[in-house]
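Got a structure for you, questions after.
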Amino acid sequence: MSRPRFFVSPDHITEGKAEIIGEDVKHIKDVLRLKVGDVITVCDGRGLECLGEIVNVSDSRVETRVLERRFIEDTGPHITLFQGIPKGTKMDSIVQKSTELGVSRIVPVMTKRTVVKLDERKRESKVSRWRRVAREAAKQSQRLTAPEIAEAVSWERALGLLPEFDLVLVFWEEEEERSVGQILRGIHPKSIAVVIGPEGGFSEGEVRALKDIGGKIATLGKYILRTETASLVALTIVLYELSTRAGA
């Protein structure tokens with residue numbers, strides 16, 4: 001049976017007790033109307049999942065008695081989405097759907113063609129919102145962990161991070177032939193960066209820079225996709241290709 005799922009800091013789970021604080025308390029009390037004796041799922045965001053029986057509900061916290069504990073190791077591969085920041089609320093949708101698809105991390109990137117200009121205040125507000133979206137999506141999709149939402153980074157900073165990955169997959173509308181399947185043939189990367197541009201895509205200079213650090217350019221087919229569509233299609237293709245190899 002599917003139970004309500006909540007994420008807490010690891011220090012809020014002990015051998016016998018798990019506590020929930022913050023915004024989730026109001027949701028438990030006023031929306032779900034849970035009460036003493038109800039059983040919920042509490043996760044620490046690192047792979048630990050507990051069944052907890054509610055023993056106390058106050059305005060500031062919900063206390064549960066841990067009935068069962070289990071730890072599920074994430075064996076990978078780990079996929080990080082480097083996403084050129086789009087306009088409006090499109091990033092909300094990208095974060096939500098990417099979380100549902102199982103990405104480990106999302107890095108918002110300000111590229112040459114990024115229209116959105118984020119000052120320090122706006123940047124903090126946006127990232128905070130995207131983290132909330134990721135947590136809610138992780139709950140809905142029954143994930144044990146919510147993906148890390150990194151601070152928004154400059155293009156130069158993103159280029160500095162990408163060499164850490166076993167494979168950097170760059171999806172570019174001008175690549176017409178090379179598929180993800182062809183790129184993955186014969187290799188078994190444990191960490192993969194999926195790189196998607198904003199509206200307007202990448203400039204030729206950015207693509208050259210990605211190639212210079214070892215990025216592999218891949219096609220998404222013959223049609224031009226919106227950035228919020230491209231990221232989801234790219235992730236789906238990568239996950240499919242990885243699953244077929246795992247089952248082979």
Side-chain angles (χ1 to χ4, degrees), residues 79-138 146-165 167-176 178 180 192-239:
I79 299 176
T80 297
L81 173 64
F82 283 76
Q83 173 68 50
I85 302 173
K87 295 183 294 185
T89 59
K90 295 176 184 177
M91 191 69 180
D92 291 11
S93 177
I94 292 170
V95 169
Q96 181 188 63
K97 302 306 180 187
S98 299
T99 299
E100 292 175 11
L101 287 170
V103 299
S104 300
R105 188 179 183 215
I106 301 172
V107 181
V109 183
M110 292 174 284
T111 70
K112 180 178 181 180
R113 293 175 180 170
T114 296
V115 175
V116 179
K117 304 301 180 186
L118 300 178
D119 59 26
E120 191 64 29
R121 182 182 62 81
K122 288 182 180 179
R123 186 179 306 185
E124 290 179 2
S125 175
K126 289 279 190 183
V127 172
S128 178
R129 175 178 173 81
W130 296 332
R131 287 171 178 163
R132 289 197 301 272
V133 170
R135 286 196 299 271
E136 291 303 317
E148 176 191 350
I149 309 299
E151 298 291 338
V153 300
S154 67
W155 174 246
E156 292 73 19
R157 175 59 178 153
L159 285 177
L161 294 172
L162 288 169
E164 301 173 2
F165 293 84
L167 175 64
V168 177
L169 282 173
V170 182
F171 291 88
W172 190 38
E173 62 273 13
E174 295 194 28
E175 173 60 47
E176 297 179 352
R178 201 176 192 195
V180 173
I192 300 173
V194 171
V195 188
I196 303 291
E199 297 96 342
F202 292 118
S203 68
E204 290 188 5
E206 287 170 334
V207 173
R208 284 196 301 271
L210 288 165
K211 288 180 178 178
D212 287 344
I213 63 168
K216 307 299 183 184
I217 312 301
T219 180
L220 283 176
K222 63 180 180 179
Y223 299 116
I224 303 297
L225 304 179
R226 295 177 184 272
T227 184
E228 66 270 28
T229 306
S231 57
L232 305 185
V233 172
L235 291 170
T236 301
I237 291 172
V238 171
L239 290 166

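Reckoned from all heavy atoms, side chains included, excluding hydrogens, waters and symmetry mates.
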Indicate yes or no: at least one non-hydrogen side-chain atom of I94 is less than 4.5 angstrom from one of W130.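 The answer is no; the side chains never approach within 4.5 Å.
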Taking CZ in R131 as the centre, count heavy atoms belonging to other residues, nucleotides or ligands within less than 6.0 Å. Is the count above 12?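 Count over threshold, so yes.
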Using the test ring-ring contact (aromatic ring centres under 6.0 Å, His included), find all partners of W172 that sit at least two apart in sequence or belong to another chain.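 Applying ring-ring contact (aromatic ring centres under 6.0 Å, His included) to W172 gives none.
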V195 pairs by side chain to side chain contact (heavy atoms under 4.5 Å, CB included) with which of L162, L169, L81?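 The residue from L162, L169, L81 that satisfies side chain to side chain contact (heavy atoms under 4.5 Å, CB included) with V195 turns out to be L162.
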Rounded at 0.5 Å granularity, tell me how far OG1 in T219 sits from CZ in R178.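 Interatomic distance, T219 OG1 to R178 CZ, rounded to 0.5 Å: 12.0 Å.
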Could you tell me if the side chain of I79 sits less than 4.5 Å from the side chain of L239, heavy atoms only?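 With C-beta onward as the side chain, the pair touches.
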Tell me, which pairs form a salt bridge (Lys or Arg N to Asp or Glu O under 4.0 Å) where one or both residues lie in residues 195-218, sequence neighbours left out?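 Applying salt bridge (Lys or Arg N to Asp or Glu O under 4.0 Å) to every pair that reaches into residues 195-218, excluding sequence neighbours, yields K90-E199.
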Does the side chain of V153 come within less than 4.5 Å of P108's, by heavy atoms?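 No, side chains not in contact.
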To check you understand the geometry: which heavy-atom pair defines the closest contact between A138 and T99, and what is its length?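 Smallest heavy-atom distance, with atoms named: N-CG2, 3.6 Å.
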Heavy-atom pair with the smallest gap, counting every atom of A134 and A146: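 Between these two residues, the closest heavy atoms are O-CB, 4.3 Å.
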Check side-chain hydrogen bond (donor to acceptor under 3.5 Å, both in side chains) between T111 and all other residues, then give those that pass, not counting sequence neighbours.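 Checked T111 against side-chain hydrogen bond (donor to acceptor under 3.5 Å, both in side chains); matches are T114.
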Rounded distance (nearest 0.5 Å) linking atom CD of E164 with atom CD1 of I213: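 Nearest 0.5 Å value for the CD-CD1 distance: 10.5 Å.
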Verdict with reasoning, R129 to D92, per side-chain contact (heavy atoms from CB on, under 4.5 Å): CA-CA 8 Å; R129 175 178 173 81; D92 291 11; 2.5 Å; yes
Under 3.5 Å donor-acceptor, R113 side chain and F202 backbone: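 Such a contact is found between R113 side chain and F202 backbone.
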Just verifying a value: how many Å separate S98 OG and M91 CE, rounded to the nearest 0.5 Å?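 CE of M91 is found 7.5 Å from OG of S98.
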With side chains defined as the heavy atoms from C-beta onward, is the minimum distance between E100 and L235 less than 4.5 Å?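 No - every pair of side-chain heavy atoms lies 4.5 Å or more apart.
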Which residues satisfy the side-chain hydrogen bond (donor to acceptor under 3.5 Å, both in side chains) test with T227, sequence neighbours excluded?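 In terms of side-chain hydrogen bond (donor to acceptor under 3.5 Å, both in side chains), with neighbours along the sequence ignored, T227 is linked to Q83.
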Looking at every non-hydrogen atom in both residues, tell me the closest pair between V127 and A152 and how far apart they are.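 Nearest pair, atom of V127 first, then A152: CG2-N, 4.0 Å.
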Donor-acceptor pair, distance only, cut-off 3.5 Å: does the side chain of T236 make one with the backbone of L232?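 Yes: the side chain of T236 pairs with the backbone of L232.
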For F82, all residues meeting ring-ring contact (aromatic ring centres under 6.0 Å, His included), sequence neighbours excluded: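 Once residues adjacent in sequence are excluded, the partners of F82 under the ring-ring contact (aromatic ring centres under 6.0 Å, His included) criterion are F165.
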Tell me the ring-ring contact (aromatic ring centres under 6.0 Å, His included) pairs involving residues 92-116, sequence neighbours left out?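 Applying ring-ring contact (aromatic ring centres under 6.0 Å, His included) to every pair that reaches into residues 92-116, excluding sequence neighbours, yields nothing.
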Check V194, L210, I196 against V170 for a side chain to side chain contact (heavy atoms under 4.5 Å, CB included) and give me the one that passes.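 Of the listed options, the one satisfying the test is L210.
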